[in-house]
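These values consider heavy atoms only, across backbone and side chains, with no hydrogens, waters or symmetry-generated copies. The chains referred to below are lettered A, B, ... by the order of the sequence lines, with proteins before strands, and numbering in each begins at 1.
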Amino acid sequence: MLTFWKNVLENSPDAYEKAVRARDARIGSFLEFNPTRHLGNAPGEVASAEKHAVLAGLPFGVKDNIAVDGFRLSCGSRILENFNSPYHATAVQRLIDAGAVPVGKTNLDEFGMGSSTDNSALGSTTNPWNEDYVVGGSSGGSAAAVAAGLVPFALGSDTGGSVRQPASFCGVYGLKPTYGTVSRFGLVAYASSLDVIGAISTDLDVLQAVYEVISGADPFDQTSMDPVPSASHDADAAGVASLGYRGKSPCLGVLKPEQLELSAEVAETYQTCLEGFRSLGYEVKEVSLSMLEYVAPVYYTIATAEASANLARYNGVRYGLRPDYAENPEELVRLSRDQGFGAEVKLRILLGTYVLRSGFQDQYYLRAQKIRTAIRTDFEASFGEVDMILTPTFPRQAFRHGGEDMSPFEQKQADKFTASANLAGIPALSFPAGVPKGLPVGMQLLAPAFGEPRLLAAARDYATLYKPELAPGYERPAGEQ
Amino acid sequence: MNTQELYVTADLAHIQLTEEEISRLALQVEQMVAYFSKMSEFDVSGLEPTTHMQVSRSRARVDERRDIPGAHSDTLLDAAEELEDRFIVIPNVL
């Protein structure tokens, strides 16, 4: 399959474009697609180009809140609907330098706010496994594009689970790196202390190469840094039975059963997965993440507070949608925001503004930041006992469009497994673990900061037991004869 | 949060809300704020706030011009809806 992807743009870009458009008419993963716009860009000089040769020639999708020169940067919002990016995000530039080719921008919940991609103002995306179900979010377009064989990998952003949850719903891999290891330059800010660019793919070699290429300090993002390798993080990422990494069996931490609250299908897949890891020689040990119950309220307090500040820049003056007429400057700003933002974005801006109001700040925002410290130390204590923690990515499978079987409030509460990694700044990987009743279920592995290699190694181990399935009808890449 | 509080908050956020939006959002905001209140159960005494991960100190960069390909002032200005010379034109609001 990779051989096809490496040559498709050079050999048959027209057939590829036609095939993607035909498939995507049903899925709706791309907001903008043009496979030849960046074709022929000379790859830059990358010291490790040979090491990452797997990426050369590969087309990739980019979530539409990450800048790609020559494409729009809409964030799925009417307020930026016609905004064109004048430059590349650092992550995109590094992939281009490694020879990969950005072919389009994928749909998302407006500004990354949502768990379904149904909150996009600019398009609807549906799950390649079953069109009655959502694709997850907010990087839903990226996950759908990969699951439907439109691209071999795609970039997403993850603030509280936005790479991992749609990856879980679509049966693909989704990696959220350690906070700060991937430059946020060119990523439109949602919640700056939580945001990180991540990657989605069906292929672990590709996922690993993408992570290695996009990570590392960037002078344009003062919070970015090189991953810090440590003797305790030395899983051999190239492979295999990481049995024996660190000279002993790897140890997986699991939560207490009463902390899980899973649907029957996810609970069953989780048990199968645990047994699978045991059969591979992993030890399994219960850990007490007692702070888990606070994760969702803390996450939504911090995320909405930061969002209300970050989204203050959309005022109809410098760029973006604006009304034809306003009585005064204040009205210009209000009308722009009223017409430009969707309901979920307004809700989160209001919540964020409220928790930052003088008189309420100590009660909400400051308290959330302090509990965040406790959540972080809770993880640190657990990682003293185990190498990784295994949880389901989301407590249930994909839900139906319109939220009739899962309300927006329930969707937020269900972010507890994923958002914990963002609050603690640690890396996490969602990997496909089963397809009960025709919809995929993903499991999540969490590791200490900079532990991406061990996450990838464990996923490789698990792939020897369970080979991820591709969505029915999309087993072959778009355009393959 | 009562409706009056919601209007004050919307005003601070520069968001204009219709009555229909207010009645719909009031319930959702109320639900989330009640959810946030769970945090009051937890004793935070002695805990320092976490404002950022992996950042132990402020990092300052050298104060010098850095060129980002494509991000010159001209290309950035071109992204504005309407320009007059190098000024961004906004609707007449006076």
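With hydrogens and angles disregarded, no donor-acceptor distance shorter than 3.5 Å links the side chain of A:Arg367 to the backbone of B:Val44. Looking only at distances, no side-chain donor or acceptor of B:Thr9 sits under 3.5 Å from a matching main-chain atom of A:Tyr354. A donor-acceptor pair under 3.5 Å is formed between the side chain of A:Thr373 and the backbone N or O of B:Glu48. Side chain of A:Arg372 to main chain of B:Pro49: no donor-acceptor pair is present (N/O by atom type, distance under 3.5 Å, no hydrogens or angles).
With rounding to the nearest 0.5 angstrom, the CE atom of B:Met32 is 6.5 Å from the CZ atom of A:Phe409. A distance of 12.0 Å separates OH of B:Tyr7 from CG of A:Leu350, quoted to the nearest 0.5 Å. With values rounded to the nearest 0.5 angstrom, B:Ser37 atom OG is found 6.5 Å from A:Gln363 atom CD.
Here the shortest heavy-atom pairing between A:Pro86 and B:Leu76 reads CG-CD2, 3.6 Å. Minimum heavy-atom separation, A:Asp338 to B:Gln16: OD1-O, 2.7 Å.
Note: B:Arg66 leads B:Arg61, B:Gln28, B:Arg66 in heavy-atom pairs under 4.5 Å with chain A. Of the listed residues (B:Asp43, B:Val29, B:Leu77), the one with the most heavy-atom contacts under 4.5 Å to chain A is B:Val29. Per-residue counts of heavy-atom pairs under 4.5 Å with chain B were compared for A:Ile302, A:Val317, A:Asp69; the largest is that of A:Val317. Chosen from A:Leu366, A:Val333, A:Ile349, A:Ile371, the residue pairing most often with chain B at heavy-atom distances under 4.5 Å is A:Ile371. When the candidates B:Asp78, B:Val8, B:Leu6 are compared by the number of heavy-atom contacts under 4.5 Å with chain A, B:Val8 comes out ahead. With respect to chain A, the highest number of heavy-atom pairs below 4.5 Å among B:Leu17, B:Ile15, B:Ile88 belongs to B:Ile15. Counting heavy-atom pairs closer than 4.5 Å to chain B, the top-ranked of the candidates A:Leu335, A:Leu194, A:Leu351 is A:Leu351. Note on A:Glu331, A:Glu293, A:His88: by heavy-atom pairs under 4.5 Å with chain B, the leading option is A:Glu293. Interface summary for chain B: among A:Gln339, A:Glu306, A:Arg348, A:Met291, the most heavy-atom pairs under 4.5 angstrom belong to A:Met291.
Taking the centre and axis of the six-membered ring of A:Tyr294, the NZ or CZ atom of B:Lys38 falls inside the cone set by 45° and 6.0 Å.
Heavy atoms of other residues, nucleotides or ligands lying less than 6.0 angstrom from CD of B:Glu41 number more than 12.
Of residues 19-26 of chain B, those residues lying under 4.5 Å from chain A by any heavy-atom pair are B:Glu21, B:Arg24, B:Leu25.
Between A:Tyr364 and B:Val33 there is a side-chain heavy-atom pair separated by less than 4.5 Å. Counting heavy atoms from C-beta outward, B:Tyr35 and A:Gln413 have side chains that approach closer than 4.5 Å.
A:Pro323 touches chain B through its backbone: at least one of N, CA, C or O sits under 4.5 Å from a heavy atom, while the side chain does not. Within the 4.5 angstrom heavy-atom criterion, only backbone atoms of A:Ser224 (N, CA, C, O) approach chain B. A:Phe360 touches chain B through its side chain: at least one heavy atom from C-beta onward sits under 4.5 Å away, while N, CA, C and O do not.
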Query raised in the report: Hey, mind stepping through A:Asn315 and B:His14 against side chain to side chain contact (heavy atoms under 4.5 Å, CB included) and telling me if it holds?
Result: CA-CA 9 Å; A:Asn315 57 12; B:His14 301 287; over 6 Å; no

Query raised in the report: After noting the C-alpha distance and the side-chain angles of B:Glu5 and A:Arg357, does the key distance pass the side chain to side chain contact (heavy atoms under 4.5 Å, CB included) rule?
Result: CA-CA 11 Å; B:Glu5 287 284 329; A:Arg357 274 176 64 179; 2.9 Å; yes

